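Residue numbers start from 1 in every chain, and the chains themselves are labelled A, B, ... in the order their sequence lines are given, proteins ahead of strands. The structure displayed is predicted, hence computed values, not measured ones.
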Number of protein chains: 2
Amino acid sequence: MSKPLVRRVTRADIAREAGTSVAVVSYVINNGPRPVAPATRERVLAAIKKTGYRPNGIARALASGTTRTYGLVVPNIANPFISSMAHALQQEAFADGRVLLLGDAGDDRERERELVNNLLHRQVDGLIYTSVDRHPWIEMIQASGTPLVMLDRVAPELQVSAIQVNEQRAAWQATRHLIEHGYREIAIICGPLEMLNTQDRISGWRQALEEAGLTPDPAWIFATDYTRQGGYDAAQRMLAGALPRALFATNEQQAFGCLRALAGHGLSVPDDLALVCFNGTVESAFNVPSLTAVRQPVISMARKAIEMLKQWDGEPERCEFDFELEIGESCGCRPVAHARKSN
Amino acid sequence: MSKPLVRRVTRADIAREAGTSVAVVSYVINNGPRPVAPATRERVLAAIKKTGYRPNGIARALASGTTRTYGLVVPNIANPFISSMAHALQQEAFADGRVLLLGDAGDDRERERELVNNLLHRQVDGLIYTSVDRHPWIEMIQASGTPLVMLDRVAPELQVSAIQVNEQRAAWQATRHLIEHGYREIAIICGPLEMLNTQDRISGWRQALEEAGLTPDPAWIFATDYTRQGGYDAAQRMLAGALPRALFATNEQQAFGCLRALAGHGLSVPDDLALVCFNGTVESAFNVPSLTAVRQPVISMARKAIEMLKQWDGEPERCEFDFELEIGESCGCRPVAHARKSN
DNA sequence: ATGAAAGCGCTAACAA
DNA sequence: TTGTTAGCGCTTTCAT
């Protein structure tokens, strides 16, 4: 047992100082469950102020069985869409009187397992979880009895609560939008093929093309990481072949990487290539050109996720949210803000 | 005391199952502090596997006095520079066998206080902290005896450990770079004037100009929020007056907001206006045009921060890191990747 | 090598 | 209204 440099003030010190019992000190701190005489309360409060006492949250958690903490595990906090979601969740958790213990898996499956494990050990009151890949550690969590909400595409047969937008439909609509512009050669830059959400997004793209009587050419599927560099690399591959007229990038970072590659080849968006992307954030709106992007209702989703943890009864609940296609300049709907004065 | 839906397996269950005492179970789990006979160890491990037992981290923390947790409080996790720092810190903390409890203040001073408070209550083993403003809650933390490292500009007279780059010098160098390009009318878009780091950055800008025999025109200081919208607004104000030839934006998001505003006026970077910014991330590198930016050595700083918490002895230590000026296209050093094919 | 037992600081049931 | 005390699940000392 490591001795702290300075012994901390405990509840017993306050009781002694205020000339009362430890129970009364608790009652004052917690505003219950028993009433306390005003005079006594004053003495206790005075003692607390005098000593600078702060209740030990750990001991409290042990005795009460609640940590007033939720856990959040994300694949990579450096992804702006994810950090905006984390931000919203934190706000909502806070409104619920708890803090979020945020774990960043750094796109590593093993790290993710460690984090989930760690949070479970810490007896969080609930866990919100987006997995790095399609093999989420759900069983481990369920075995612990901890309330769980997946913020992810999860195999339908799993008995687990989950919140998501219908990504297949969102991808369909994004592609559909490009088709309505009259573009017929529409490529897709997507994530790793084994991921469920990649598959959903490809499937939406494919369906939109087929419904329009177009043939989804497998050569126009460019799988890569969900990163800027990934988008850049995929675009380079694309540029080595026949150029499509339009492109659906399945996340915002890929879209930015792609834009960079296109610029390197002297191609402009949307004139040479129209672009729509998935999971846009404020970054899409401020980019030049601004990106037409599928937007998820991050705040509502965060609210619902916390709500589900709060109301937890062990029954799995799936909740689907509507998305929105935010129109920018990259698809050709609007004139692009000119980056050059004349010529 | 809230009853869990399923009673959790405890160490006593394991002891019973393995036909031994609770102490031995601890010895097995912790690999000490006492040796355990191989046969006994096997029985214990078998019982653990059979029951799916996991030690209660809360109880462990209470008994051992260490939570194996560090706290991190940041002003806004949606800022890419900050999230990259958080990411690096998480990696380092993990390597140290701990998790980071990440609190996002959402740019709110009161929220920040609550978070700091909360983390202290949770008896974190150390706190890393960047404040929303110039009034960090340092006293509160020091009163608790919790190891603290500020990742921030802190008033020199405060007895507190801190890590930072010399922002004044970095701003000087960024401005100096613009001057070396031959630009003489150099404006600055900065953060709120009352913030210390804003003052440092302005001061570096001012010094570089003066050393070059130029006059820092107060009308060319555009104070705003450290956000994209802030940068956009500031640029709009700037565009309403006489246009400078170059601009120093004091963070990356402001730079992006500014680029958007410039594009709206048909101005190009660096041809019409050269640009350098502060705290660039991978986003700067991939932007079109790529941004010349001051880069902080995020990973080394994270490592040092964790190191300082680990080695904590109560003695305040200040540590200054070197920065780097990453050359991109926005300052005019390099030809810009063409965003248009011809004309 | 193992077991018994005293905490860690708190909550809350029970008694007064 | 207040005090007493049995846990919460674990670590670790001290006996054995």
Distance check, rounded to the nearest 0.5 Å: A/S300 atom OG versus A/I163 atom CD1?
10.0 Å
Just call it for A/A23: base, sugar-phosphate, or nothing, with non-hydrogen atoms closer than 4.0 Å on any strand.
base
B/V24 has its side chain closest, among C/dT2, C/dA5, C/dA13, to C/dT2
Want to settle it: does B/V25 or A/S21 sit nearer the 5' end of DNA chain D, counting the closest nucleotide to each?
A/S21
Between A/T20 and D/dG3, is there a contact of a side-chain N or O with OP1 or OP2 at under 4.0 Å?
yes
Distance (rounded to the nearest 0.5 Å) between A/T130 OG1 and A/M85 CE:
7.0 Å
I need the CG-C1' distance between A/N31 and C/dA12, as an integer number of Å.
15 Å
Roughly how many Å is it from CZ in A/R16 to P in D/dG3, rounded to a whole number?
14 Å
Of the options D/dC8, C/dG3, D/dT1, whose atoms approach the side-chain atoms of A/T40 most closely?
D/dT1
Under 4.5 Å between any side-chain heavy atoms of A/W137 and A/E114, yes or no?
no
So if I take residues 41-61 of chain A and measure heavy-atom distances to DNA chain C, which residues fall below 4.0 Å?
A/Y53, A/P55, A/N56, A/A59, A/R60
Do A/S64 and A/T66 pass the side chain to side chain donor-acceptor pair (under 3.5 Å) test, and can you show the C-alpha distance, the side-chain angles, and the key distance before you say yes or no?
CA-CA 5 Å; A/S64 69; A/T66 166; 5.3 Å; no
Please give, in whole Å, the distance from D/dT4 C1' to A/R34 CZ?
14 Å
With a 4.5 Å cut-off on side-chain heavy atoms, are B/N117 and A/R54 touching?
yes
A/L62 atom CG is separated from D/dA6 atom C1', nearest whole Å, by 13 Å
Distance, rounded to the nearest Å, where A/Y27 contributes OH and D/dT1 contributes C1'
10 Å
Between A/E320 and A/K304, does any side-chain N to carboxylate O distance fall below 4.0 Å?
no
Value in whole Å for how far the P atom of D/dG9 lies from CG of B/N30
17 Å
Looking for any heavy atom pair under 4.0 Å, which part of the strands does A/V36 touch: base, sugar-phosphate only, or nothing?
sugar-phosphate
Ignoring hydrogens and geometry, is there a side-chain-to-backbone donor-acceptor pair from B/R43 to B/A15 under 3.5 Å?
no
